[in-house]
Amino acid sequence: MSFFINNKKHFNLEVNKNEIGFRKCQLGAVWAVKSHYTKSNKPALISMPTGSGKTALMIALCFELKTKKALIITPSVVIRKQIFDVFSEMEILKTLGVFNSEEKPKVNNHIGYLKNENDWIKATKSYDVVVSTPHSCSSEMKE
């Protein structure tokens, strides 16, 4: 089973006033996505400004949507590494007071090219989260 399903009991979307908790825009985005999926299985799009907490929101959505595996495509290698670090440590959720476990997801900071199905299996099988760039995870891109 998935880290996010197994550890949902350690995650609280909304916390007491003693804790920092998520920002209103993050909570609104979570509830909007959850609402979207009550009527549709189509992809949802969230647009938030820089610095509003999109990475913490991604982790929250993994818990709230009971995600088995997450594939996160970032626009650059630098952002890929940042998101890998945040998912790997779960420190942001602990700081916010919304996650109270020492367990951590298995995260693949994917480097290289996924050219075929076997590459995809190797890159994803043992992980809860795979973070990559468009160039690395598209078989249509040339080396």
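Nothing fancy with the numbering, it's 1 onward along the sequence.
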Chemist: side-chain hydrogen bond (donor to acceptor under 3.5 Å, both in side chains) between Thr38 and Ser35: does it pass, once the steps are laid out?
Modeler: CA-CA 5 Å; Thr38 64; Ser35 175; 4.6 Å; no

Chemist: Heavy atoms only: give me the nearest Ala56-Phe22 pair and the separation to one decimal.
Modeler: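 Heavy-atom minimum between the residues: O-CE2, 4.0 Å.
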
Chemist: For Asn118, is there any backbone N or O sitting under 3.5 Å from a side-chain donor or acceptor partner on Asn116?
Modeler: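 Yes, because the side chain of Asn116 sits within donor-acceptor range (under 3.5 Å) of the backbone of Asn118.
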
Chemist: Taking the side chain as everything from C-beta on, heavy atoms only, tell me whether Cys137 gets closer than 4.5 Å to Thr133.
Modeler: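 Sidechains of Thr133 and Cys137: no contact.
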
Chemist: For the side chain of Glu64 and the backbone of Lys34, is there at least one donor-acceptor N/O pair under 3.5 Å apart?
Modeler: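 Not at all, since once roles are kept as given, no pair shorter than 3.5 Å links the two residues.
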
Chemist: Nearest 0.5 Å, what's the CG-OH distance between Asn108 and Tyr127?
Modeler: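 One gets 4.5 Å once the value is rounded to the nearest 0.5 Å.
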
Chemist: Looking at Asp128 and Pro105, would you say the former's side chain and the latter's main chain have a donor-acceptor pair under 3.5 Å?
Modeler: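 Not a single qualifying donor-acceptor pair exists.
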
Chemist: When you compare the side chain of Glu14 with that of Leu27, does any pair of heavy atoms fall below 4.5 Å?
Modeler: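 Yes - at least one pair of side-chain heavy atoms lies under 4.5 Å apart.
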
Chemist: When you compare the side chain of Thr67 with that of Leu61, does any pair of heavy atoms fall below 4.5 Å?
Modeler: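 A side-chain contact under 4.5 Å is absent here.
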
Chemist: Quick check against the 3.5 Å criterion: does Thr74 have a side-chain atom that pairs as donor or acceptor with the backbone of Ser132?
Modeler: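 Checked: pair present.
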
Chemist: Going by heavy atoms in the side chains, are Phe3 and Glu103 under 4.5 Å from each other?
Modeler: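 Of all side-chain heavy-atom pairs linking Glu103 with Phe3, at least one is under 4.5 Å.
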
Chemist: Say whether, by atom type as modelled, one donor and one acceptor occur between the side chain of Gln26 and the main chain of Arg23 under 3.5 angstrom.
Modeler: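 Judged by distance alone, yes, a pair lies under 3.5 Å.
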
Chemist: Apply salt bridge (Lys or Arg N to Asp or Glu O under 4.0 Å) to Lys104 and list each qualifying residue two or more places apart in sequence or on a separate chain.
Modeler: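 Expected list: Glu89.
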
Chemist: Determine whether Val30 and Ile20 fall in the same hydrophobic cluster, where Ile, Leu, Val, Met, Phe, Trp and Tyr are linked whenever their side-chain heavy atoms lie under 4.5 Å apart.
Modeler: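 Yes.
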
Chemist: Does one hydrophobic cluster hold both Val131 and Val77, with members joined at side-chain heavy-atom distances below 4.5 Å?
Modeler: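 No, Val131 does not connect to Val77 through the hydrophobic network.
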
Chemist: Indicate yes or no for a side-chain donor-acceptor contact from Ser40 to the backbone of His36 under 3.5 Å, with no hydrogens or angles considered.
Modeler: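 No; zero donor-acceptor contacts below 3.5 Å.
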
Chemist: Atom CG of Leu13 and atom CZ of Phe99: how far apart are they, to the nearest 0.5 Å?
Modeler: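 Spacing of CG (Leu13) from CZ (Phe99) equals 14.0 Å.
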
Chemist: State which residues pass salt bridge (Lys or Arg N to Asp or Glu O under 4.0 Å) with Asp85; sequence neighbours excluded, sorted by chain then number.
Modeler: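 Partners of Asp85 by the salt bridge (Lys or Arg N to Asp or Glu O under 4.0 Å) criterion, ordered by chain and then number, come out as Lys81.
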
Chemist: NZ of Lys9 to CG of Asn7: how many Å apart, nearest 0.5 Å?
Modeler: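 So the NZ of Lys9 and the CG of Asn7 are separated by 6.0 Å.
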
Chemist: Could you state the interatomic distance from CG (Leu96) to CG (Leu93), rounded to the nearest 0.5 Å?
Modeler: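 The CG atom of Leu93 is 6.5 Å from CG of Leu96, to the nearest 0.5 Å.
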
Chemist: Would Val86 and Ile83 count as a side-chain contact (heavy atoms from CB on, under 4.5 Å) if you check the C-alpha gap in whole Å, the side-chain angles of each, and the deciding distance to 0.1 Å?
Modeler: CA-CA 5 Å; Val86 174; Ile83 290 177; 5.8 Å; no

Chemist: Test of understanding: clusters of I, L, V, M, F, W, Y form through side-chain heavy atoms closer than 4.5 Å, transitively. Do Val15 and Ile92 belong to the same one?
Modeler: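 In one cluster with Val15: Ile92, yes.
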
Chemist: Decide yes or no on side-chain contact (heavy atoms from CB on, under 4.5 Å) for Val130 and Phe87, but give the supporting numbers first.
Modeler: CA-CA 10 Å; Val130 177; Phe87 266 89; over 6 Å; no

Chemist: With side-chain contact (heavy atoms from CB on, under 4.5 Å) as the criterion, how do Arg80 and Ile111 come out once you've worked through the C-alpha distance, each side chain's angles and the decisive distance to 0.1 Å?
Modeler: CA-CA 10 Å; Arg80 180 187 71 203; Ile111 299 170; 3.4 Å; yes

Chemist: Answer whether the closest heavy-atom distance between the side chains of Tyr113 and His135 falls below 4.5 Å.
Modeler: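 The answer is yes; the side chains approach within 4.5 Å.
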
Chemist: Run Ile72 and Phe84 through side-chain contact (heavy atoms from CB on, under 4.5 Å) and show every step you take.
Modeler: CA-CA 9 Å; Ile72 300 170; Phe84 167 79; over 6 Å; no

Chemist: How about Val33 and Leu65: do any of their side-chain heavy atoms sit closer than 4.5 Å?
Modeler: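 Side chain of Val33 against side chain of Leu65, heavy atoms only: contact under 4.5 Å found.
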
Chemist: Kindly compute the distance separating NZ (Lys8) from OG (Ser2), expressed to the nearest 0.5 Å.
Modeler: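 If I round to the nearest 0.5 Å, the distance is 12.5 Å.
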
Chemist: Enter the distance from Lys54:NZ to Cys25:SG here, rounded to the nearest 0.5 Å.
Modeler: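 Spacing of NZ (Lys54) from SG (Cys25) equals 9.5 Å.
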
Chemist: How close do His110 and Ala123 get, heavy atom to heavy atom, and via which atoms?
Modeler: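 Taking His110 first and Ala123 second, the nearest heavy atoms are CD2-CB, 4.1 Å.
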
Chemist: Would you please indicate yes or no on a ring centroid separation below 6.0 angstrom for Phe63 and Phe4?
Modeler: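 Yes.
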
Chemist: State which residues pass side-chain contact (heavy atoms from CB on, under 4.5 Å) with Glu102; sequence neighbours excluded, sorted by chain then number.
Modeler: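 With neighbours one apart ignored, the set is Lys94.
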
Chemist: Is there side-chain contact between Val129 and Lys69, with at least one heavy-atom pair below 4.5 Å?
Modeler: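 They are not in contact (no side-chain heavy atoms under 4.5 Å apart), so the answer is no.
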
Chemist: What are the two closest heavy atoms between Val98 and Gly21, and how far apart are they?
Modeler: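 The pair with the smallest heavy-atom distance is CG1-CA, 4.1 Å.
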
Chemist: For Lys122, is the NZ atom crowded, meaning more than 12 foreign heavy atoms sit under 6.0 Å from it?
Modeler: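 No - once you tally the heavy atoms of other residues, nucleotides and ligands closer than 6.0 Å, there are 12 at most.
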
Chemist: Please find the pair of heavy atoms, one from Gly112 and one from Ser136, that lie closest to each other, and give the distance.
Modeler: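 So the two residues come closest at O-CB, 2.9 Å.
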
